[in-house]
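For ligands, and for the atoms within them, numbers begin at 1 and follow the listed sequence.
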Amino acid sequence: MTPTIPGTVAVIGAGTIGASWAAYYLSRGFRVAASDPAEGAEDRLRAHVDAFWPTLAALGAEAVGGDAGAPHDSLAFAPSIAEAARGADFVQENGPERLELKRAILAEIEEGAGAEVLIASSSSGLLVSEAQQGMRHPERLVLGHPFNPPHLIPLVEVLGGAQTALESVDRALAFYTGIGKKPIRINREVPGHVANRLQDALWREMFHLVSTGVASVADIDTAIAYGPGLRWALLGPFLTMHAGGGDGGITHFLEHLGPAMREWAADLGEYPETDDYIATMAAGVAAELEGRDWGAVLAERDRLLLGLLAAKAQAPQIP
Ligand SMILES: NC(=O)c1ccc[n+]([C@@H]2O[C@H](COP(=O)([O-])OP(=O)(O)OC[C@H]3O[C@@H](n4cnc5c(N)ncnc54)[C@H](O)[C@@H]3O)[C@@H](O)[C@H]2O)c1
């Protein structure tokens, strides 16, 4: 089958996140025009795309690469950012997480990209409202924040800054949905976006529980990985709560257990104020991993994750 090529994505910055995005876009049939000033960046990018390809093939990319593997003919490495952005239909920006550098990169992207072309920044923490200051067409800058690695994890967080057009956010959401991602709309800029804030709430409490001797690192991993984490991965925390309320759903759950949960919430710990906690957490992780091959653990995790993604794709009632 000849794949239809839906267009070109400029991938600006080809480090950890850019390389993974590039592989994903190639797997969805796009041409990719990449740019990264680092010495040897093109070779590293092509090697990463090859390394990610078996996973992408397992997710259904064979039609694009065929037996020959990753479609390197569809991957161009441009000598400048403006050159990569020229003629692109969508720009995914993945440069270093420094405001001044992001602004400089955005200015170079605008030199090449058409005025209508959406620019999505992968930034983990910078505010779009700040990054877009000084842009010629700030209305087309959105956040398109992936979870590492973007070629495997479906979530993309989308939001606009003060000068972003609402239509640009809508277009970005439609674009990511159309390429098989699970984008969410964030209505207002907050530090850490949404998913990392949710993780932070858990991280804060697990450091507190370990530091105060309530439970070990290994037991906390077991508590999540063999407890709520299993359900969270299928339904998310709200629908899990709704299921926990039986026939009365979330309303009954909160009426019944809400008062106790309010008391527990008042007792939760604070994020550690100094770095003293790090050694304790690292020792706990070392103890948990004793006798295990970490590389093999990660390989098994990825294999199971692929199976879970495939299984969820076959379960249309799962949101
Ligand atoms: N690593 C993560 O887990 C993660 C997750 C989500 C989002 N992000 C975000 O993705 C972006 C990239 O992060 P990363 O982890 O890939 O970092 P990285 O250091 O691996 O990659 C950054 C790349 O940018 C390149 N670069 C430097 N100057 C440049 C320029 N002027 N123009 C273009 N490219 C330039 C570097 O050579 C490097 O290859 C950041 O904004 C980060 O916040 C990272």
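Among Gly95, Ser122, Pro37, the residue whose heavy atom lies closest to atom 40 (C) of ligand 1 is Gly95. Here the shortest heavy-atom distance to atom 26 (N) of ligand 1, taken over Gly13, Ser35, Pro96, belongs to Pro96. Residue Pro146 holds the heavy atom nearest to atom 6 (C) of ligand 1 of all those in Ala38, Pro150, Pro146, Ala195. Scanning Ile17, Asp36, Leu101, Leu126 for the heavy atom closest to atom 14 (P) of ligand 1 points to Ile17.
Here Glu288 pairs with nothing under the side chain to side chain donor-acceptor pair (under 3.5 Å) rule; sequence neighbours left out.
A cation-pi arrangement is present between Lys181 and Tyr24, with the terminal nitrogen or guanidinium carbon under 6.0 Å from the aromatic centre and inside a 45° cone about the axis.
Contacts with ligand 1 closer than 4.0 Å are made by heavy atoms of both the backbone and the side chain of Thr16. With a 4.0 Å cut-off on non-hydrogen atoms, Glu108 does not touch ligand 1 at all.
Side-chain N/O atoms of Glu97 and Ser123 include a donor and acceptor closer than 3.5 Å. When only modelled atom types and interatomic distance are considered, Ser122 and Trp21 share a side-chain donor-acceptor pair under 3.5 Å.
Short contacts between ligand 1 and Asn148, defined as distances under 4.0 Å to a heavy atom of the residue, involve ligand atoms 3 (O). Ligand-side atoms of ligand 1 in range of Gly15: 16 (O), 20 (O), 21 (O), 23 (C), 39 (O), range being under 4.0 angstrom from any heavy atom. Those atoms of ligand 1 that come under 4.0 Å of a heavy atom in Glu97, given as number and element, are 40 (C), 41 (O), 42 (C), 43 (O).
Less than 4.0 angstrom separates atom 17 (O) of ligand 1 from none of the non-hydrogen atoms of the protein.
In plain terms, the two heavy atoms of Gly95 and Lys102 that are nearest each other are O-NZ, 2.8 Å.
Looking at atom 8 (N) of ligand 1, its nearest protein heavy atom turns out to be Ser124 OG, 3.1 Å.
With ring centers used as reference points, Phe207 lies 6.0 Å or more from Trp203.
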